[in-house]
Amino acid sequence: MTAGARLVVLGKQGAGKGTQCLSLSHHYVVTHVSTGDMLREAVKQGTSLGMKAKELMGRGELLGDDLIMEMVSTRLNESDVKNRGFILDGCPRTVSQAQRLADFLSPVDLDLVIDIEVPTTQVLRRLASRRVCVDCGANYSLTNRPTIGWSCDVCGGEVIQREDDTEEAISKRLEIYEAQTAPLIDWYLDRGQLASVTGTGSPEAVTKRIVRAIEDRRNRKGGRFS
Ligand code: AMP
């Protein structure tokens, strides 16, 4: 078991953030906090947050920074995250969210921000083929299907195409990524907090690269995070 960490994972839609965050959360024994998963759960439960989120998510647009940061700060205040740390997936998505996250975490900042780099041509192919479990969020694709029909191997839930993985919503999401989220790469680079990792190849190979980047950073900090 490796000591906990406070990490953010960035990358275009389809870069493999969900898969990598899950592996990293097991490796570092820390909680995977995915804003997309939290919002999809709210939609499923029909909460007032879910009702606000549904339409914007379906169109591939971002929810407001206030709403997101309130949801995220509430989650980051819970004891599992406070005790061991977190891997934040899907947030921040704007410079304003990044600034507010840093203010919230102050005086202890993030240990590292990992940017998973995958060319757009490849993420488009991955997104068109992506299928997910409605219950546990496990990822599949047209070439990596569940063993029995479209029932999730992990929990038996139904495996479907995400509503926002339509061609129209995908191009909107990538456009928003370039305009609002990509500037975070320079923002974190300027703060000396970024490690870029090549996201092509097998998921296991990408995980190894990410863990190596995290351990390099930890060693440079004298073997300790936070
Ligand atoms: P994801 O699963 O991370 O691709 O998120 C799915 C959708 O949830 C996004 O397209 C947005 O509509 C919404 N969303 C998730 N995280 C955020 C965020 N940090 N800021 C604004 N909207 C978000």
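As the structure lists them, so they are numbered: ligands from 1, and atoms in each ligand from 1. Residue numbers run from 1 in the order of the sequence given.
- For ligand 1, the protein residues placed under 4.0 Å by at least one non-hydrogen atom are Thr35, Gly36, Leu39, Arg40, Met57, Glu61, Leu62, Leu63, Ile68, Gly90, Cys91, Arg93, Gln97, Arg162, Asp164, Arg173.
- Each of Lys172, Arg173, Glu178 was compared with Glu175 under the side-chain contact (heavy atoms from CB on, under 4.5 Å) criterion, and only Lys172 meets it.
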Under 3.5 Å, which donor-acceptor pairs do the side chains of residues 204-214 form with other protein atoms, sequence neighbours left out?
from   : atom 1 : to     : atom 2 : distance (Å)
Thr207 : OG1    : Gln20  : OE1    : 2.6
Thr207 : OG1    : Pro203 : O      : 2.9
Arg209 : NH1    : Thr198 : O      : 2.5
Arg209 : NH1    : Thr200 : O      : 2.8
Arg209 : NH2    : Thr200 : O      : 3.3

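- Shown are Asp115, Asp186, Leu112, Ile114; of these, the side-chain contact (heavy atoms from CB on, under 4.5 Å) with Leu194 is made only by Asp115.
- Ile148 CD1: 12 or fewer foreign heavy atoms inside a 6.0 Å radius.
- A donor-acceptor pair under 3.5 Å is formed between the side chain of Arg126 and the backbone N or O of Gly14.
- Counting only N and O atoms by type, the side chains of Asp103 and Gln99 include a donor and acceptor under 3.5 Å apart.
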